[in-house]
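Quick note on labels: first sequence line is chain A, next is B, and so on, each numbered from 1.
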Amino acid sequence: MIDLAHFRKDPAFFRAAWSDRGVNVDVDALLAIDVQVRELKLQGETTQAELNGASKAIGQAAREGKDVAAAKETARTLGDRVRELDAKRAGVEQQLVERLAVLPNPCLAVVPKGKDAADNRVVSTWGTAPGFAFAPKAHWDLGPALDIIDFDRGAKISGSGFVALKGMGARLSRALVAFFLDRHTRRNGYTELAVPYLVQPQMMYGVGQLPKFADQLYRCPDDDLMLIPTAEVPVTNWHRDEILDLAELPKQFCAHTPCFRREAGAAGIGTRGMTRVHQFDKVEMVWLTPPERAESDLLTMRGHAESLLQELGLHYRVLELCTGDTGFSSCHTFDLEVWSAGTSSWLEVSSCSDFGEFQSRRANLKFRREKGGKPAHLATINGSGLALPRCLIALIEANQEADGSVVIPEVLRPYMDGLERITKTGVGGRGSGAG
RNA sequence: GGACAGGUGCCAGAGUGGUCGAAUGGGCACGAUUGGAAAUCGUGUGUACUUGAAAGAGUACCGAGGGUUCGAAUCCCUCCCUGUCCGCCA
């Protein structure tokens with residue numbers, strides 16, 4: 001949610017910002033509705049004040065034994081008037097709220113202007129693409145050959161877009177999660193949370209998933225709950241409706257959860273294998289921080305995500321998204337893309353975003369700069385650290401050998417009972433594909 | 001899932017139709033007292049919105065949403081949550 005007061009003061013800023021994002025907004029209509037709401041509110045409250053005064057007088061008179069029939073009659077008329085104004089106001093206000101709810105966060109001035117992904121800026125590139133003396137395979141060949149990824153059974157059980165892991169594939173996935181969480185909690189000061197995967201619709205609204213992206217969410221209508229598309233949803237809402245102290249900021253949380261996405265409309269485009277699936281595991285980092293720190297904290301957090309890829313030895317690049325490609329709630333986003341050696345393409349494994357106060361206004365996240373001071377909205381920042389299936393893809397593709405086996409990076413071996421290599425041969429024991 | 005009991009301010013806890021944004025106690029903040037502290041005393045201590053240059057004024061909020069009434073924390077309805085017991089169960 002944008003800052004309404006700011007919008008009234010400087011509509012030109014928002015007009016330009018939304019235009020940069022490629023969103024067409026009738027700013028004048030919005031302003032007009034806002035004025036109307038406030039006029040009706042003022043009238044309604046003034047009338048209510050009158051009614052309150054009249055009611056008080058009636059109570060007084062009644063206690064003194066006076067006749068209050070006539071006074072009641074006028075009060076009743078006032079009451080009708082209040083209800084009338086209130087209903088009118090509510091109607092107009094709902095229009096305003098509905099319109100505002102689908103307007104994106106203005107990007108920061110540093111964000112490169114652009115139309116779509118083609119205009120994103122490459123900030124840096126780390127490492128080099130691995131070279132092979134043979135034709136490297138894509139994960140959709142490697143995985144099934146090693147019997148660690150099972151596309152057919154995933155689809156059999158839940159339909160297209162669902163993937164299953166088996167044996168050392170499942171183990172490797174678990175190792176990555178454990179490795180990520182350990183780095184965040186032990187090295188970078190994050191507090192780990194284990195959160196519900198089904199949440200109430202308001203939580204989705206709080207981070208900006210609703211109302212605009214309802215078609216991307218799985219829902220359980222009988223219970224009015226929705227499956228989270230990212231841990232961002234429950235974690236960002238952790239301190240909802242609270243007022244934090246400056247001294248306890250920034251809050252740094254991490255959480256591992258499965259993520260559920262309908263990916264409506266995405267079928268057929270770059271969906272081969274498990275680069276785009278309906279359910280995947282991800283470790284998410286979320287910061288709650290004072291707004292003035294947000295941008296520097298964003299860089300810190302991005303560094304945390306990058307260090308994981310570096311430790312895994314994976315070639316990646318950092319993109320700064322342009323205005324046209326930046327997500328709805330974000331005002332500044334960096335994407336981390338890892339190299340897929342099997343398909344010679346970049347895969348997004350992390351998106352690190354500064355949301356400013358946009359989510360805080362929606363989720364009611366506040367803090368106090370000093371005791372007795374006025375509550376102010378927090379800034380929220382989040383980023384993947386990291387998204388599993390694509391890391392797993394990059395990992396096995398980059399570390400494959402001519403015989404189809406996959407070398408496990410040093411940092412993961414402690415999580416794999418010291419296993420150095422995943423091979424097809426062998427059943428049971430160390431080095432087993434079946435685990 | 002069934003039966004009871006509850007949900008009030010930072011916390012505890014009063015309040016069963018008007019004088020209640022809400023007693024009292026605790027906590028916290030500031031001040032007095034003290035060599036310093038404890039104790040004691042005094043003052044203060046919610047959020048949001050509207051209006052106003054400001055001081056201030058107004059409105060709403062006692063789990064949520066409806067209803068009755070001139071007037072609701074208080075009465076009625078629906079729902080949610082918590083506790084206890086029973087049932088079921090990973």
Side-chain angles (χ1 to χ4, degrees), chain A residues 1-9 30-101 194-206 210 219-226 234 237-249 258 357-378:
Chain A
M1 181 66 66
I2 60 160
D3 179 359
L4 241 193
H6 183 198
F7 176 65
R8 281 173 201 145
K9 254 185 249 161
L30 269 179
L31 288 167
I33 296 173
D34 176 51
V35 167
Q36 210 185 336
V37 169
R38 282 182 293 155
E39 273 171 3
L40 288 168
K41 187 172 272 182
L42 186 58
Q43 281 181 51
E45 289 184 354
T46 308
T47 314
Q48 179 73 55
E50 244 180 280
L51 173 59
N52 288 350
S55 294
K56 217 168 233 183
I58 289 172
Q60 183 81 29
R63 249 173 285 119
E64 290 165 7
K66 292 178 186 161
D67 178 39
V68 294
K72 276 193 186 183
E73 195 46 46
T74 29
R76 196 170 297 136
T77 316
L78 276 174
D80 291 342
R81 178 90 181 120
V82 167
R83 271 182 288 279
E84 192 184 307
L85 285 164
D86 205 53
K88 220 175 190 177
R89 192 220 78 242
V92 182
E93 191 160 33
Q94 197 190 333
Q95 271 186 56
L96 181 67
V97 168
E98 279 173 9
R99 285 182 184 231
L100 289 173
V195 292
Y197 307 153
L198 282 163
V199 301
Q200 311 191 70
Q202 305 95 276
M203 306 304 134
M204 295 291 189
Y205 177 85
L210 285 181
R219 47 181 93 203
C220 307
D222 287 352
D223 302 286
D224 203 18
L225 290 170
M226 298 174 149
N237 281 287
W238 186 267
H239 285 295
R240 167 183 270 267
D241 297 331
E242 295 177 27
I243 302 174
L244 305 177
D245 292 328
L246 181 62
E248 55 186 329
L249 299 179
E357 298 157 48
F358 190 83
Q359 292 183 326
S360 283
R361 281 189 211 99
R362 291 175 161 244
N364 195 23
L365 305 170
K366 296 194 160 181
F367 77 111
R368 240 187 270 273
R369 289 208 152 75
E370 59 215 30
K371 246 189 164 64
K374 281 196 192 75
H377 285 108
L378 290 158

*Base, backbone or nothing for each nucleotide of nucleotides 62-79 of chain B, written B, S, -, heavy atoms under 4.0 angstrom, 5' to 3'?*
--------BS--------
*For atom P, what is the distance between B/A64 and B/U8, given to the nearest Å?*
10 Å
_A/Ile243 CD1 to A/His377 NE2 distance, which is reported to the nearest 0.5 Å_ = 10.0 Å
*Rounded to whole angstroms, how far apart are CG on A/Asp245 and P on B/A29?*
12 Å
_A/Gln94 atom CD, over 12 foreign heavy atoms within 6.0 Å_ = no
*Taking A/Arg89 for the side chain and A/Leu40 for the main chain, is one N or O donor matched with an acceptor at less than 3.5 Å?*
no
*Using the P atoms only, state how far B/C62 lies from B/G21, rounded to an integer number of Å.*
12 Å
_Between C1' of B/A60 and CG of A/Leu85, the distance in whole Å_ = 16 Å
*To the nearest 0.5 Å, how far apart are CZ in A/Arg361 and CG in A/Asp3?*
4.5 Å
*Atom-to-atom span, CZ of A/Arg369 to P of B/A29 - whole angstrom*: 21 Å
*Kindly compute the distance separating NZ (A/Lys72) from OG (A/Ser55), expressed to the nearest 0.5 Å.*
10.5 Å
*When the P atoms of B/C76 and B/G17 are considered, how many whole Å apart are they?*
12 Å
*asked:* In dot-bracket form, 5' to 3', how is RNA chain B paired? Count Watson-Crick and G-U wobble pairs only if both distances fall under 3.5 Å, and write | where the partner sits on another strand.
replied: ((((((((.[[[..)..(.....]]]((((((.......))))))((((((....)))))).[[[[[..)....]]]]])))))))....
_Expressed as a whole number of angstroms, how long is the span from A/Arg89:CZ to B/U59:C1'?_
10 Å
*With C1' as the reference atom in both, quote the distance from B/G67 to B/G15 in angstrom, rounded to an integer.*
23 Å
*To the nearest 0.5 angstrom, please state how far the CG atom of A/Leu42 sits from the CD atom of A/Glu39.*
8.5 Å
_Does any part of the side chain of A/Leu210, heavy atoms only, come nearer than 4.5 Å to the side chain of A/Met226, both counted from C-beta?_
yes
_Heavy-atom nearest nucleotide on RNA chain B for A/Arg63 versus A/Thr46: which residue maps closer to 5'?_
A/Arg63
_Main chain of A/Ala101, side chain of A/Arg362: is a donor-acceptor contact present, judged purely on distance under 3.5 Å?_
yes
*What's the spacing between A/Gln48 CD and A/Leu78 CG if we round to 0.5 Å?*
9.5 Å
_C1' spacing across the pair B/C85 / B/A72, given as an integer number of angstrom_ = 34 Å
*For A/Gln48 and B/G58, is the shortest distance between a side-chain N/O and OP1 or OP2 below 4.0 Å?*
no
*Using the P atoms only, state how far B/C30 lies from B/C20, rounded to an integer number of Å.*
31 Å
*Under 4.0 Å protein heavy-atom contacts per nucleotide of nucleotides 44-51 of chain B, with B for base, S for backbone only and - for none*: ---SSSSS
*Taking C-beta and beyond as the side chain, do A/Leu198 and A/Asp223 meet within less than 4.5 Å on heavy atoms?*
no
*Rounding to a whole Å, what distance do you find between A/Asp222:CG and B/C80:C1'?*
17 Å
*Starting at CD of A/Gln359, measure out to CG of A/Asn237 and round the result to the nearest 0.5 Å.*
8.5 Å
*Using atom P of each nucleotide, how far apart are B/G18 and B/G27 to the nearest Å?*
32 Å
*Presence of salt bridge, A/Asp80 and A/Arg83, under 4.0 angstrom*: yes
*asked:* Could you tell me how far B/C11 sits from B/C28 if I compare only their C1' atoms? Round to whole Å.
replied: 11 Å
